[in-house]
Asker: 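Sharing a structure here in structure tokens format.
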Amino acid sequence: MIPPADALFEALVVWIEPWAVQVCRALNTLIEGADRARAAHYLRGITAWVHPQHESFERALGFLSDGWSIEEMLETLEADEDVPFHMSAREISFASQEAARLQELCPDLARDLRALVDAVRAGSPATPTQLHPDQMSLFE
């Protein structure tokens, strides 16, 4: 009998978990010189293991590792879910930091991560810290 793929994956995750830190360090070294898709795949693994709270960012990396453009990914996700793709402020900060870190290791992925951050920020509704363009100042 062959176990279902989900059960096999869960068993693999449990088996490799004690070595997660070493695996992530190895993945980090593989990013240098990798093409955009492969580097996104490695970064997705690192993010999933070390930063599971950044689920939306990890999901976006999955699209990038499959060769999707930022525009295609955002359009597809919005069409599938009827809401714009969203990343938390912490995820945006994390993505920006990763883009800076990857600038020398994989410039193509660094460029895409900056484009992702810009696209997510542009699509986010105004927050209380961002004045609406029609809002009048109380001091003018």
Side-chain angles (χ1 to χ4, degrees):
M1 255 181 94
I2 298 174
D6 288 345
L8 191 58
F9 179 75
E10 288 299 321
L12 180 62
V13 168
V14 169
W15 178 75
I16 204 168
E17 201 162 15
W19 297 284
V21 172
Q22 290 87 342
V23 169
C24 289
R25 285 184 183 144
L27 290 173
N28 244 324
T29 63
L30 295 174
I31 287 175
E32 185 170 8
D35 63 37
R36 167 197 178 261
R38 191 168 290 143
H41 178 70
Y42 297 146
L43 183 57
R44 183 181 188 193
I46 296 164
T47 303
W49 280 103
V50 182
H51 306 283
Q53 70 275 21
H54 299 315
E55 185 178 341
S56 293
F57 178 60
E58 186 259 333
R59 187 173 178 202
L61 288 169
F63 279 90
L64 294 176
S65 69
D66 288 341
W68 293 55
S69 71
I70 301 293
E71 295 79 20
E72 291 171 323
M73 177 194 76
L74 294 176
E75 287 173 10
T76 301
L77 286 171
E78 187 167 349
D80 288 349
E81 300 173 5
D82 289 331
V83 293
F85 177 72
H86 175 75
M87 287 175 26
S88 69
R90 286 185 181 196
E91 286 179 299
I92 289 172
S93 175
F94 181 74
S96 297
Q97 290 170 4
E98 287 301 296
R101 181 179 75 87
L102 294 170
Q103 184 56 49
E104 298 298 320
L105 300 174
C106 185
D108 291 342
L109 181 57
R111 182 198 66 234
D112 284 348
L113 294 183
R114 286 190 300 274
L116 172 66
V117 167
D118 291 345
V120 169
R121 281 184 177 150
S124 295
T127 63
T129 58
Q130 296 172 324
L131 293 177
H132 188 278
D134 296 333
Q135 184 173 348
M136 297 178 64
S137 171
L138 296 173
F139 304 103
E140 291 180 353

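We count residues from 1, following the sequence as given. For clarity, every value in this text was computed on a predicted model and none was experimentally measured.
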Asker: Provide the closest heavy-atom pair for Phe85 versus Ala60 in the form atom of the first, atom of the second, distance.
Answerer: CZ-CB, 4.0 Å
Asker: Tell me if the CD atom of Glu78 is crowded by more than 12 foreign heavy atoms within 6.0 Å.
Answerer: yes
Asker: Taking ring pair (Phe, Tyr, Trp, His ring centres under 6.0 Å) as the definition, give me every residue that meets it alongside Trp49, ordered by chain and number, with sequence neighbours left out.
Answerer: none
Asker: Hey, could you give me the CG/CD1 distance between Leu113 and Ile92, rounded to the nearest 0.5 Å?
Answerer: 12.5 Å
Asker: Side-chain contact, heavy-atom cut-off 4.5 Å: Asp80 with Thr76?
Answerer: yes
Asker: Which heavy atom in Ala110 sits nearest to a heavy atom in Ala99, and how many Å separate them?
Answerer: CB-O, 3.3 Å
Asker: Classify the angle between the aromatic ring planes of Phe94 and Phe57 as parallel (below 30°), tilted (30 to 60°) or perpendicular (above 60°).
Answerer: perpendicular
Asker: Pair up each side-chain donor or acceptor in residues 39-46 with any protein partner under 3.5 Å, not counting sequence neighbours, and list the distances.
Answerer:
| from | atom 1 | to | atom 2 | distance (Å) |
| --- | --- | --- | --- | --- |
| Arg44 | NE | Glu58 | O | 3.4 |
| Arg44 | NE | Glu58 | OE2 | 2.7 |
| Arg44 | NH2 | Glu58 | OE2 | 3.4 |

Asker: Can you list everything that forms a side-chain contact (heavy atoms from CB on, under 4.5 Å) with Ser88? Sequence neighbours excluded, please.
Answerer: Arg90, Glu91
Asker: Working to the nearest 0.5 angstrom, can you tell me the gap between Leu116 CG and Ile70 CD1?
Answerer: 4.5 Å
Asker: For Asn28, enumerate each residue passing the side chain to side chain donor-acceptor pair (under 3.5 Å) test, keeping only those at least two apart in sequence or located in another chain.
Answerer: Arg101
Asker: Is the backbone N or O of Ala37 less than 3.5 Å from a side-chain atom of Asp35, with the two atoms forming a donor-acceptor pair by type?
Answerer: yes
Asker: If we ignore hydrogens and angles and just use 3.5 Å, is the side chain of Ser65 paired with the main-chain N or O of Arg38 as donor and acceptor?
Answerer: no
Asker: Can you tell me which residue pairs pass the side-chain hydrogen bond (donor to acceptor under 3.5 Å, both in side chains) test with a partner in residues 103-115, sequence neighbours excluded?
Answerer: Arg36-Asp112, Gln103-Arg114, Asp108-Arg111
Asker: Which residues satisfy the side chain to side chain donor-acceptor pair (under 3.5 Å) test with Glu72, sequence neighbours excluded?
Answerer: Ser69
